[in-house]
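What you see below is based on every heavy atom in this structure, not just the backbone, and it leaves out hydrogens, waters and symmetry mates. Note on naming: letters A, B, ... go to the chains in the order of the sequence lines (proteins, then strands), and numbering restarts at 1 for each one.
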Amino acid sequence: MKNPDPKTSAALITDSKQQNDSDLETLQKLLVGIDREQAQDVFARVQQLDRRSDDIYEVLVDAVSKLNPDEQSKVMEHLSSVAATSLKTSIRNDPDNVTEIVYPIMLPAIRQAVADSMRSALERIDNMFKSKLSPQSIKWRIEAQRSGVSYAEVLLRNTMHYGVEQAFLIDKKSGLLMQHVSALSGSQKDEDAVSAMFLAIERFVKDSFSEDDDALQRVTIGERLVYLAHGPHALLACVVKGTPPADFLENVQSTLETIHAAEPDTLKEFSGDRDTLASINPVMSELLELDFDEKEEASDGFSDKATIGMQLAAIAGLLLLSYLWFQGMQGKRVDQYMHELNSNQHIQVYNAEKRGGIWELKGIIDPSGATPAGIAHSAFVNEPKVVLQLTPVRFLNAGTADVADSN
Amino acid sequence: MITKKICIIGDFAVGKTSLINRFVDNHFSEEYLTTVGVKLDTKELVTSTGTDIKLVIWDIAGADELTTAKRSYIDGASGYILVYDISRPKTLVSATNLQGSVVEEIGSVPFVLVGNKNDLEAKAPEPDADLIDKSCHQLKTSALTGDGVADVFQALAEAVVAG
Ligand SMILES: Nc1nc2c(ncn2[C@@H]2O[C@H](COP(=O)(O)OP(=O)(O)O)[C@@H](O)[C@H]2O)c(=O)[nH]1
Ligand SMILES: [Mg+2]
């Protein structure tokens, strides 16, 4: 509040009419403490919406910045329901907008979650297989040790692996084999008969269960899967080992489309002469290159087994050698110990025998002589356990001196 | 080397599967026959004209009539062996009917007419001249003794290669 000016107080006593107005104004100022301009400004502030919001903005910012933690949580409580509702409305009105906002936050989070769950899955698999000791698991274990990755990872890599072992291009009408590629070395079943069998099975399924032209897309044969892509004149059957990705059949299908585009007439009127379709062989061979080298696995299978065998034999040999060496060393030391004991004129050891990993030395002692414990320590610093049974010769009842070196 | 599909057709138990087993290079389990209704075997031959040919032989589970499923199995065949059992006249009637069905389905392709079980007493009459005319060859065989079996496949191979 402003203090009234002493000069204006003095002017109050004049009585001209004009003076009256200004007097009134002065009186107002004195009584209310603010001048009219200010009052008008206040009115304007209250009445004009934009000015009011300006004020509120300033006040709000100031107020929020001054909130203490207690007050803050109270404010949040009140705001949160409003915020939630408005968020819902916003999402409903424009989901894309929210996706855009959330995407950069969610993606790393999802990645993290996937990585976490993969890791825990790996751990679980690791634990699951830790107890299992098959030749395969030993091989993978060695592989894991050698490459410094976890066993579970090696396991997963090996089991998630997939590969196309063979691909058959089959005449849709006759079942005749139009072209064949194989990653396997060595003799296989008659591929012409296999080709016909694939068509027979395909026909059988179609006749029995469905009129759809591509009714049969996948057949499980033992540990192998056969994927069938369907074209106008030919089927493309891929024999797969392992677990191919979800889009695998699409790949096969597009290969078949490429083949159809390349040789439409020869496919349509296949004569039974495979040479007429030699040009498509490279396209089919590409299928074999999908993430796999069975050739290597097939030919290395034996040598790998041999390697494991040799490694195991080497380990066993090493263990045997060190055991024998240890035994020899121990024997030597026992001999030395006995020798040392016997060089003492008060002691005579007549027997040394190993029982359950413990050397038992038996002999006689003249109790007035040297303490066997002292001698024992000098010779058996690193021996696990030696029991020395010395019978005192002066007395009739036998006494036992235990020299247990607990090293 | 060319490959050709051939079928062996005839009434139940005339000896189709026995004939193939007498002849082929590769045996596949007979389980296929009962499960899928077809058994597949192959045989490589050289024709008198010197053509290397590999026959893919479809043995279709027998019945006196082709069902729709079986019809789809004869699709794309370059020839077929039509078998009846000389000890059972009824099977010759079936053979004649079957031949008609095959023509309806895939048109006219060469076939060898085979009277099997030649080791048994013949009770069936000689086939109609009409049927013999349609065939590219007519033979009597015994899957039991092996008599005439190879000739059947050779004759069909020649006919198939000749077109
Ligand atoms: N005696 C004799 N029996 C035969 C001959 N061929 C087949 N069989 C027998 O006839 C039965 C039916 O034969 P199979 O080949 O299964 O006939 P499919 O149904 O036509 O395949 C079997 O018991 C065979 O042993 C043959 O040439 N002579
Ligand atoms: Mg049969």
Any chance NZ of A:Lys173 has more than 12 other-residue heavy atoms, nucleotides or ligands included, within less than 6.0 Å?
no
Which is it for A:Asp171 and B:Lys5 under the salt bridge (charged side-chain N to carboxylate O under 4.0 Å, His left out) test, yes or no, and what are the steps along the way?
CA-CA 11 Å; A:Asp171 184 359; B:Lys5 169 178 178 175; over 6 Å; no
Closest non-hydrogen atoms of B:Met1 and A:Asp273, given as atom of the first, atom of the second and distance, are O-OD1, 4.0 Å
Tell me which of these, A:Ser195, A:Ser271, A:Gly175, A:Gly272, has more heavy-atom pairs under 4.5 Å with chain B than the rest.
A:Gly272
Pairwise distance CG(A:Asp192) to CG(B:Leu55) - rounded to 0.5 angstrom
10.5 Å
For A:Ala196 and B:Val56, work out which heavy atoms get closest and say how close.
CB-CG1, 3.8 Å
Nearest heavy-atom approach of A:Ala200 to B:Val38 is CB-CG1, 3.5 Å
Shortest non-hydrogen contact from A:Leu176 toward B:Lys4
CD2-C, 3.8 Å
Where is the tightest heavy-atom contact between A:Ser174 and B:Gly76, given as atom of each residue plus distance?
CB-O, 3.4 Å
Could you tell me whether the side chains of B:Thr42 and A:Asp190 share a donor-acceptor contact shorter than 3.5 Å?
yes
If you count the non-hydrogen atoms of other residues, nucleotides and ligands that lie under 6.0 Å from CD in A:Glu191, is the total more than 12?
yes
